[in-house]
Q: 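Here it is: the structure, laid out below.
Computed from heavy atoms alone, side chains included, the values below leave out hydrogens, waters and symmetry copies. Numbering of ligands and ligand atoms starts at 1, following listing order. All residue numbers in this chain count up from 1 along the given sequence.
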Amino acid sequence: MNTQYGCGPVQFAGASEALYERHLLFDSGVDLAGATARDRFEALARSVRDILSQRRLLTEKTYEQQNPKRLYYLSIEYLIGRSLLNNVMNLMLMPLANQVIEDKKLNLIEILEQEPDAGLGNGGLGRLAACFMESAATMQLPAMGYGLRYEYGIFKQSIQKGWQQEMPDNWLRSPDPWEFARPNEKVEVNLGCSFELSGGSLRPVPGRPSTLYGIPFDRPVIGYGGSTINTLRLWAATAPDYFNFEEFSHGDFVEAFTQNLSAETLTRVLYPDDSRLMGQGLRLIQEYFLVACSLADAVRRFQRGNSDWRLFAEKVAIQMNDTHPALAVPELMRILVDQVHLGWDEAWHITQNTLAYTNHTLLPEALEKWPVPWFEDMLPRQLEIIYEINRRFLSDVRRRFPGDEGRIQRSSLIEEGFGKKVRMANVAVVGSHSTNGVAAIHSNLLRETTLRDLAEIFPERFNNKTNGVTPRRWLLLCNPELSGLITDAIGDGWISDLSQLSKLNAFTSDSAFRHDFLKAKRDAKRNFCDWVRWSTGQLLDPDAIFDCQVKRIHEYKRQLLNALRIVVLYNRLRENPGLNMHPRTFFFAGKAAPAYRLAKLIIKFINNLAVTIDGDPAVRGRIKVVFLPEYCVSLAEHLIPTSDVSNQISTAGYEASGTSNMKFMMNGALTIGTRDGATIEMAAQAGEENFFLFGLTAEQVAGSRAWYNPRWHYEHEPEAREALDLIFSDYFSRNEPGVFAPLRDALLMQGDHYMHLADLKSYLEADERLRALYNQPDEWARKAILNVAG
Ligand code: 26W
């Protein structure tokens, strides 16, 4: 069966230079001499946009003519990053762009830096969504993404006196050349309540139903080669553009405008929490708004090409990215029952067969549960439908497991007791045909622990889809040194068929290739050092080992374990200055949720560690700690290619998959890590002997919970004790005594929930093996190549 819907390779006349100048003149009103860097960026982006516009229409026409099954990805986050270079590359316009750059004497870096990094996501889940959209287009699948057009993305991070500061990310300040507003395709959304602004926040006013509009903003998603150009459709909320005439004629002119204001508040800002629910009502309405707009749109598109509703699930697949869009279950039922007038059973069959659910976390504090009273006020019809789904579901469970009241309680869509809540994960599993985790270990744990009761009721629904990343952005684009070398060796087939990287296995025995491989890494490091000096003035040593941990700051990801390792190494150097240790730079980057105090304190600790080590002449030039502020997609693209060592050190059983682990591996870093998430499968693929695995396994973590005592390690492991004593003697906080006391409380007084001390010793042992290997460059290169090949 043909499942690819491309429309042939890109062909265009060489008119791009004229395009560029025309855009400067007609859009910005400037000539070549008068253009600012931002003008140049916009003109270049608009030239690219001109070239892709026709092909986008062609892709959509192909879909309309062939009427294939359409895939809709529903995600409340898309961590897109910059688009210009990615779009130029995927359209195969690089030679042309280079020509314009040369002819017009443009500074490419300066132009690229003009584009804001579209940060409509928090971390892994949002970046996965963006990678999937690009890969689906490259695979020529009829896929479309739905999300929200937040006016403000993930906050900007700066560091002041070591502390994280948050600033608003006004990424749409200047017009975005990649988005097309489609006001004609707006969608009406009805809610059971209205809203009013009070004290700067939006409050629901029950008993007064209201209407708002979703305006679609489309962004092109270009498949590699440019054959397929799909769409990412982001919804912006607005008020109906009519006035409340009664209020108006009563002279409440300003009040009529305030209504607009409150509607637009809905998509104003991305919630910056990636692992803990902050429980705001506005967030629930954001989620409903995404679902209501997207389903209305997908249904409308289905109706354009089909008339038989029984075929809906054969023509429409909807993937729910975590539970944030799980209201799709009651909403699709509402459409099919209330609007299409299907019977309940038929509607239910269609809903289950259309929807599928991906879970991204086992952390109990991240599982969404919404208070029933909020549903009563805002989404009364959806609540009614959830109750009816639950009534039928539980009566089935009673039939199948007679007398098992515990199971009924645990699998119910409603958590009973004081403060009734709707369990969104249960809604998603019961209302769909597939539930997947994002790595083998995570899918197993999901089945065995978090969703065990439901997995026993519906074993056939549970499956695994290990995450992936797009090799276009994460190797071809971000690492020209290495990707060029790979293409020279094995051809360019790997770019759209990653399994071809295994051809590199043969090159491990080629000493010229190993040499070139190390040189590519060295070149990437030098470029990075230049870029850091250019953008921050900081001096870095490209000959040091680059040892990286970049991701959201969270206790379970254990940046603190990494910091403890560094303190131990620092102590060793202080005690034994003659120690043979290759110079090493430890890079950290990542944001902490604004309300997560301990995560923010970990950032502060890393920064103080950096300052203290920099100020100690005894270790100068030997170890260095760098906390790079404002981690974002672009920073990852700069840093990952330079990395020698990738730290993936979460407490086993807690990191669902990880995706930076894959990006580092693909760029020739060696991994030091725990047996967690996808790291387990990566090590199996490359060979465990080519990884530096350490620490407790997930079973050991779970099995030792009851008796684990961090103080035992403090008392019996001298290096751990010396490191902790140094920290709590205020060595790293001379002017802020006691500031790190909460770290001591977490590690030594409150049981060290994430078992830092249990793993520190084996982390240091793995580190020793790793440093020994670095002294044998040839062996290091061999293992690194095997990693890329895997
Ligand atoms: C505050 C509500 C909330 C809770 C969880 C918001 C966002 C989440 C996400 C599910 C957290 C997340 O991004 N999970 C990550 O998903 C990646 C993609 O599957 C995985 O690689 C990471 O391991 C997982 O932590």
Side-chain angles (χ1 to χ4, degrees), residues 73-79 119-133 135 147-148 150 154 269-280 282-284 286-287 290 319-326 357-370 423-425 428 435-443 445-446 450 464-470 474 550-558 590-596 599 631 636 648-665 673-682 698 754:
Y73 200 69
L74 259 61
S75 178
I76 202 139
E77 301 189 359
Y78 289 90
L79 197 43
L120 309 185
N122 274 287
L125 165 134
R127 184 53 233 174
L128 184 76
C131 278
F132 276 179
M133 292 311 1
S135 288
L148 294 180
Y150 302 109
I154 185 71
V269 62
L270 165 81
Y271 277 96
D273 311 288
D274 73 324
S275 55
R276 295 191 311 177
L277 277 177
M278 298 312 286
Q280 297 92 336
L282 186 65
R283 166 72 173 204
L284 175 62
Q286 273 190 348
E287 296 186 357
L290 164 67
Q319 190 70 32
M320 298 182 283
N321 198 21
D322 215 274
T323 56
H324 318 138
Y357 159 53
T358 304
N359 172 288
H360 295 266
T361 182
L362 298 172
L363 293 179
E365 63 268 32
L367 290 183
E368 289 194 298
K369 291 175 196 168
W370 294 112
R423 295 170 169 149
M424 301 312 286
T435 293
N436 74 283
V438 290
I441 181 180
H442 167 65
S443 296
L445 288 171
L446 202 58
T450 315
N464 175 57
K465 298 283 177 294
T466 299
N467 281 164
V469 301
T470 166
W474 296 111
V550 290
K551 48 185 81 245
R552 284 300 284 248
I553 312 292
H554 198 291
E555 287 164 272
Y556 86 78
K557 294 177 187 280
R558 296 200 297 192
K591 295 177 184 179
Y596 190 169
Y631 187 51
Q648 305 296 336
I649 58 176
S650 50
T651 315
Y654 282 84
E655 188 67 271
S657 164
T659 45
S660 79
N661 45 4
M662 304 169 191
K663 295 163 195 163
F664 280 109
M665 179 182 186
T674 47
R675 291 173 177 82
D676 201 15
T679 303
I680 298 176
E681 291 155 76
M682 288 159 40
Y754 293 102

Q: Do any pairs count as a salt bridge (Lys or Arg N to Asp or Glu O under 4.0 Å) and have a residue in residues 653-665, sequence neighbours left out, and if so which ones?
A: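 For residues 653-665, and leaving out neighbouring residues, the salt bridge (Lys or Arg N to Asp or Glu O under 4.0 Å) pairs sorted by first residue read Lys557-Glu655.
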Q: So how far is it from Thr361 OG1 to Tyr654 OH, rounded to the nearest 0.5 Å?
A: 10.5 Å
Q: Dump the pairs for me: ligand 1 N or O, protein N or O, distance under 3.5 Å, to 0.1 Å.
A:
from: ligand 1; atom 1: 13 (O); to: Leu125; atom 2: N; distance (Å): 3.1
from: ligand 1; atom 1: 14 (N); to: His360; atom 2: O; distance (Å): 3.4
from: ligand 1; atom 1: 19 (O); to: His360; atom 2: ND1; distance (Å): 2.6
from: ligand 1; atom 1: 19 (O); to: Asn467; atom 2: OD1; distance (Å): 2.8
from: ligand 1; atom 1: 21 (O); to: Asn467; atom 2: OD1; distance (Å): 3.3
from: ligand 1; atom 1: 21 (O); to: Gly658; atom 2: N; distance (Å): 2.8
from: ligand 1; atom 1: 23 (O); to: Glu655; atom 2: OE1; distance (Å): 2.6
from: ligand 1; atom 1: 23 (O); to: Ala656; atom 2: N; distance (Å): 3.4
from: ligand 1; atom 1: 23 (O); to: Ser657; atom 2: N; distance (Å): 3.0
from: ligand 1; atom 1: 23 (O); to: Gly658; atom 2: N; distance (Å): 3.0
from: ligand 1; atom 1: 25 (O); to: Tyr556; atom 2: OH; distance (Å): 3.2
from: ligand 1; atom 1: 25 (O); to: Glu655; atom 2: OE1; distance (Å): 3.0

Q: Do His554 and Tyr596 have ring centroids that are under 6.0 Å from one another?
A: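 Yes.
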Q: Can you name the side chain to side chain donor-acceptor pair (under 3.5 Å) partners of Thr358, sequence neighbours left out?
A: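 Listed in chain order: Gln319, Asn436.
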Q: Just say parallel, tilted or perpendicular for the rings of Tyr754 and Tyr556, cut-offs at 30° and 60°.
A: tilted
Q: Name the atoms and distances for all side-chain donor-acceptor pairs under 3.5 Å in residues 125-132, with sequence neighbours left out.
A:
from: Arg127; atom 1: NH1; to: Leu79; atom 2: O; distance (Å): 3.0
from: Arg127; atom 1: NH1; to: Ile80; atom 2: O; distance (Å): 3.2

